[in-house]
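What follows is a single structure, written as C-alpha cells, with notes after it.
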There are 2 protein chains.
Amino acid sequence: MKIGKLAARSGVSVRALRYYEERGVLVPDRTPSGYRVFTPADVRRVAHIQTLLAAGLRMQLIREILTCLSGESLLLDECRERLAAERRRISGDIDRLIRTRSLLDDLLAGGHSGT
Amino acid sequence: MKIGKLAARSGVSVRALRYYEERGVLVPDRTPSGYRVFTPADVRRVAHIQTLLAAGLRMQLIREILTCLSGESLLLDECRERLAAERRRISGDIDRLIRTRSLLDDLLAGGHSGT
DNA sequence: CTAAAGTCTCACGTCAATGTCAGAGTCAAG
DNA sequence: CTTGACTCTGACATTGACGTGAGACTTTAG
C-alpha cells in the first residue's frame, strides 16, 4: 500500500511516516516512479512505534529495538540487554508517576508534604 | 537566599529558576538592587515543580496547580477538579506505560503481538 | 579598594517530532 | 488528454524547557 493508506490505517500523519523512514525505523519499498510502498505488517510496526514513542523512547532507540526484531527473533544478547534496559527505565518512570500521583493525592487532601 | 543558593539546594540550574519565575511559577522578592530573593519553602516548591514536570505537566498547568495551593489550602472546587483531572491523566499514563512494558516483555519473549 | 564571583536582562541556540508550504511529478477517471 | 487526487523532495516553522553568551551592575573576599 502507499503512504496515504498506511497513514489512514495507522492513524498517524503522512509527514510522520516519512520522518520514520528518514530515521530508519520504516524501510518501505519504492515503485519505479519513487512512491513508497508499505506492507500490511507495517501497520502493526507503526502501532509499536507509537506505543514506544508514547513511553518516551527516542526514535534512535526505537529503531535499534525494532531492528533487533527484524532479524526474525534471533535476539542477540546485546539487543536483549537493550530491551531490558528500557524495561527498567520504564519501570522507573512508572514508579515516579505513581509517586507523583501520590503527591497530587496529598495536595487534594490538603497536605504540603514530601517529594 | 539568592538564586545561586536555591539552584544548589534544589539541584536545578539558575536559568531554569529564572524561567520558572518568567512563567509565574516562582514569585521571588527582590533586593533593592534587583537580585531575586527566595525563601526556604521555595526549595520544596521547586522539588514539586520538578516532580510535576517529570510527570509531563506543562508549566502553565503547574502554575495553576501551585497557585491553587498558595491560597493556603482553601482549595476551590475548580482547583480540586483541575488536580483530579491531572490525577486521571497520570493514571492513564501509568496504564499506558504498563502496557508498553508488557510489549517489551513480549518482544523479549520473542512474540510479535498486539499494541 | 580591587579583583573575583554572583547576578541582572536581553536574546539567540538547541533538540525531537512533527506541521506546513512550495514546486513538481504521477496516477486513476472521465 | 485533462483534471483532480496523491505523492515526491526540500526546507523553514513550531513547541517547551531550558542552554549559552554578551554586556553591565553588585556583592564578597582579601
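In what follows, every heavy atom counts, from backbone to side chain, and hydrogens, waters and symmetry copies are set aside. Here is the naming used below: chain letters follow the sequence lines, and residue numbers restart at 1 for every chain. Everything quoted here is computed from the prediction, not taken from an experiment.
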Determine: side-chain N/O of A:Ser33 to OP1/OP2 of C:dC27, distance under 4.0 Å, yes or no. yes

Tell me what A:Arg18 touches on the nucleic acid: a base, only sugar-phosphate, or nothing, going by heavy atoms under 4.0 Å. base

Using a strict threshold of under 4.0 Å (side-chain N to carboxylate O), is an ion pair present between B:Arg88 and B:Glu81? yes

Spacing of B:Phe38 atom CZ relative to C:dC8 atom C1', expressed in whole Å: 12 Å

Given atom CD1 of A:Ile62 and atom P of C:dA16, what is their separation to the nearest angstrom? 13 Å

For salt bridge (charged side-chain N to carboxylate O under 4.0 Å, His left out), just list the numbers for A:Glu21 and A:Arg30, CA-CA rounded to whole Å, side-chain angles, deciding distance to a tenth of an Å, and then say yes or no. CA-CA 12 Å; A:Glu21 182 195 23; A:Arg30 296 287 182 142; 3.1 Å; yes

Tell me whether A:Glu86 is salt-bridged to A:Arg89, with the criterion being a basic N under 4.0 Å from an acidic carboxylate O. yes

Closer to the 5' end of DNA chain D via nearest nucleotide, is it A:Lys5 or B:Tyr19? A:Lys5

Interatomic distance where CZ belongs to A:Arg58 and P belongs to C:dT14 [whole Å]: 17 Å

Worked verdict on B:Arg58 versus B:Glu64 for salt bridge (charged side-chain N to carboxylate O under 4.0 Å, His left out): CA-CA 10 Å; B:Arg58 312 290 189 185; B:Glu64 293 174 17; over 6 Å; no

Rounded to whole angstrom units, what separation is found between the CD atom of A:Glu22 and the C1' atom of C:dA16? 11 Å

Tell me the interatomic distance from A:Leu61, atom CG, to C:dA16, atom C1', rounded to whole angstroms. 14 Å

Report the nucleotide, chosen from C:dC12, C:dA17, C:dT7, that has the shortest atom-to-atom distance to any side-chain atom of B:Arg15. C:dC12

Report the C-alpha separation of B:Met1 and B:Val37 in whole Å, then their side-chain angles, then the decisive distance to 0.1 Å, and conclude whether the side chain to side chain contact (heavy atoms under 4.5 Å, CB included) test is met. CA-CA 5 Å; B:Met1 76 187 82; B:Val37 177; over 6 Å; no

Going by an N to O cut-off under 4.0 Å, is there a salt bridge joining B:Arg36 and B:Asp29? no

Remember a base hit wins even if backbone is also touched, and classify B:Thr31 as base, sugar-phosphate or nothing at under 4.0 Å, heavy atoms. nothing

How would you give the extent of chain A contacts on DNA chain D, as first and last nucleotide 5' to 3' within a 4.0 Å heavy-atom cut-off? D:dC6 to D:dA11

Identify which nucleotide among C:dG6, C:dT18, C:dA17 has an atom closest to any side-chain atom of B:Tyr35, counting heavy atoms from C-beta outward. C:dG6

Measure CD1/B:Ile3 against C1'/C:dC8 and give the value in whole Å, please. 10 Å

Output the rounded distance in Å from CG (A:Leu17) to P (C:dT18). 9 Å

Are A:Arg15 and A:Tyr19 close enough, and set up right, to give a side chain to side chain donor-acceptor pair (under 3.5 Å), and what steps lead you there? CA-CA 6 Å; A:Arg15 177 64 174 92; A:Tyr19 177 66; over 6 Å; no

